[in-house]
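Residue numbering restarts at 1 for every chain, and letters A, B, ... go by the order of the sequence lines. Remember, predicted model here, so these are calculated numbers, not experimental data. Below, all heavy atoms of this structure are taken into account, side chains as well, without hydrogens, waters or symmetry copies.
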Amino acid sequence: MGQTFSEKILSQKAGREVRAGDVVTISPDYVLTHDNSAAIIKEFQKLGIQKVRCPQKIVIVLDHVVPASTEKYAQNHKSIREFVSAQGISHFYDVHNGICHQVFSEEGFAMPGTLVLGADSHTTSYGAFGVFSAGIGRSEAASVWATEKIWLRVPETLKIVLDGQLPKDVYAKDIILKIIGDEGADRANYRAVEFSGDGAEGMSLASRLVLANMAAEMGAKNGYFPPDEKTFDFLKDRAKGIYQPVYSDPDADYEDILEYDLSTIEPQVACPHTVDNVKPVTAVAGTAFHQAVIGTCTNGRFEDLKVTADILRGKTVASSVRVLVIPASRTEYLKALHAGFLEDLVRSGCIILNPGCGPCLGAHQGVLAPGEVALSTANRNFRGRMGSRDSEIYLASPATVAASVIQGKITDPRGSQ
Amino acid sequence: MKKGRAWKYGNDVNTDVIFPGKYTYAVMEPEEMVRHALEDLDPGFADKVQPGDVIVAGKNFGCGSSREQAATCLKCAGVQAVIAKSFARIFYRNAINQGLPVIQSVEAAEAIQQGEEVAIDFQKGEIIAEDKKVFSFPSFPDFVLGILEAGGLIPYTKKKLSKKRSF
């Protein structure tokens, strides 16, 4: 019996052949943290040692509340900068760079066949590049800084085969919302999710990132796309080292195999207050909302900003709605700027915010009041996440959000371009 | 064996409602964290919770963000364990790493009612509820017990590091 990607990479890291269900102690290639580094530093300092064991493996990106909105956040950022300097951590990205998952990818840390841990649940994103990447907690991050070691259970793998092509105006976000709606928020708990099929092969890296990112919303430990020429081309001038792609064996054992025909998928919307409360856009069309968000680690890349601009160009945002557009990184911001998209969006009435997590976690930049409704391209719609516990969040693709802001009501994007 | 009352909740209790994201990147003292515990799920919880109380929930408890304070705030509130039909993986790790026992038991999660008195015998692996209802659960692996007994991963790692053993 062959091995899945996850079994294979964890076998390599553990130095012995392992199978789903085994527990291994391994050393990751990189450990990612963000603004929570301030809390992690406090935990690290309790360990009674002075220096981190592996400064070259530590990547820190400040993105959650950037620039600092309060004195407390400012103090956190300051303590992180001081720690980075004292510990000789060279992979540090300050507040002007963008969202950690986008920056980590752009900087070439996400290399096929490597193992990445991150103190953020959406660390699953790098599966888009064939990385084994999983979210961990703060104590664990501090412990890995000190020991370079962590225990992991080898996950079973759920294979999702994507066949065919998406209809016009339907996007990667609609695929993953459809899957989560069908399968539930805990379907992939403790498991790896492997995306394959000609539909997966045909997808851009940006679209693969949407699916791998939101694999976390099915409870997955990690997501995975088999790396291909697109992956290698992207990494050509940016990979941080030499890498060796890892693929599942053809006779690997999967916990289950799901098949989706992409040509049948419609635009989807996740309704309050869980990500698996998914309906076709036609079922919620007409729902009024107050704030729209286009951005986040899920949907803030060039292709997302392009579709948004293509829909909004020459049109005006409804007066009842405020639209926040947040490019995922400085690089994506510049690309959209050069293409003229940001001018189109500003002319339409959008507010362009600096790259970062923005209002996704309810800390700053567009918090919701009681009774308000948001339509967002983010990955979570839990009660109270963007502000008041009496507010509501709907999640959709950038195309659906863009088409909707013109009307001020949730709108089917099909035919809007 | 500590006794406490059960606080019963449903499926998919996420970490945003256990500990809201707007507080997570401000470093807080434990007492301050407790005041926000379950704020967006059960606003009365933080005032009324007593040491020894137990959270009883459905499937996928702790889904969502990796924020460790979701476990820390419950631990600091004196919650002695969380019993659920299943746990989201990062919360499961975080709870153990904070020294908060997490017990997966579909039977106990279904049978125990809000406000019911519950005791847990970690040596025997038993949950004892009212009307002499007993639910057994498998004991934790040794390294997990080690972390729980040390009071969490940080004290556990500190002890290991001070012995200068590799692990």
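Side chains of Thr123(A) and Asp120(A) form a contact here, defined as non-hydrogen atoms less than 4.5 Å apart.
Contact annotation for residues 65-86 of chain B against chain A (heavy-atom separation below 4.5 Å, listed by residue number): Ser65(B), Ser66(B), Arg67(B), Glu68(B), Gln69(B), Ser86(B). At a heavy-atom separation below 4.5 angstrom, chain A is approached by Tyr92(B), Arg93(B), Asn94(B), Asn97(B), Gln98(B) within residues 92-105 of chain B. Taking 4.5 Å as the heavy-atom cut-off, none of the residues of residues 110-136 of chain B approach chain A.
The part of His34(A) that comes within reach of chain B is its side chain, from C-beta onward, which places non-hydrogen atoms under 4.5 angstrom from that chain. In this structure, the portion of Arg380(A) lying under 4.5 Å from any heavy atom of chain B is its side chain and not its backbone. Residue Asn36(A) touches chain B through both its backbone and its side chain, counting heavy-atom pairs closer than 4.5 Å. For Tyr190(A), the parts lying near chain B are the backbone and the side chain together; criterion is any non-hydrogen pair under 4.5 Å. The parts of Ala185(A) that come within reach of chain B are both its backbone and its side chain, each placing non-hydrogen atoms under 4.5 angstrom from that chain. Within the 4.5 angstrom heavy-atom criterion, no atom of Val367(A) approaches chain B. Of the two parts of Leu47(A), the backbone and the side chain both hold a non-hydrogen atom closer than 4.5 Å to a non-hydrogen atom of chain B. Proximity to chain B is limited to the side chain of Ile150(A), based on heavy atoms less than 4.5 angstrom apart.
Comparing Gly64(B), Gly21(B), Cys63(B), Pro20(B) by how many heavy-atom pairs each has under 4.5 Å with chain A, the most go to Gly64(B). Between chain B and the options Gly362(A), Ala146(A), Cys360(A), Gly387(A), the largest number of non-hydrogen pairs under 4.5 Å is found for Gly362(A). Ranked by heavy-atom pairs shorter than 4.5 Å toward chain A, the options Leu153(B), Asn11(B), Leu41(B), Asp40(B) are led by Asp40(B). If you tally non-hydrogen atom pairs under 4.5 Å between each of Phe44(A), Tyr73(A), Trp151(A) and chain B, the highest count goes to Trp151(A).
Taking each heavy atom of Leu177(A) and Val278(A) in turn, the nearest pair found is O-CG2, 3.4 Å.
For the pair Asp35(A) (side chain) and His64(A) (backbone), a donor-acceptor distance under 3.5 Å is present. Checked by atom type and distance alone, the side chain of Asp63(A) pairs as donor or acceptor with a backbone atom of Cys100(A) at under 3.5 Å.
Considering only residues two or more places apart in sequence or on other chains, Asp12(B) meets the salt bridge (Lys or Arg N to Asp or Glu O under 4.0 Å) condition with Lys59(B).
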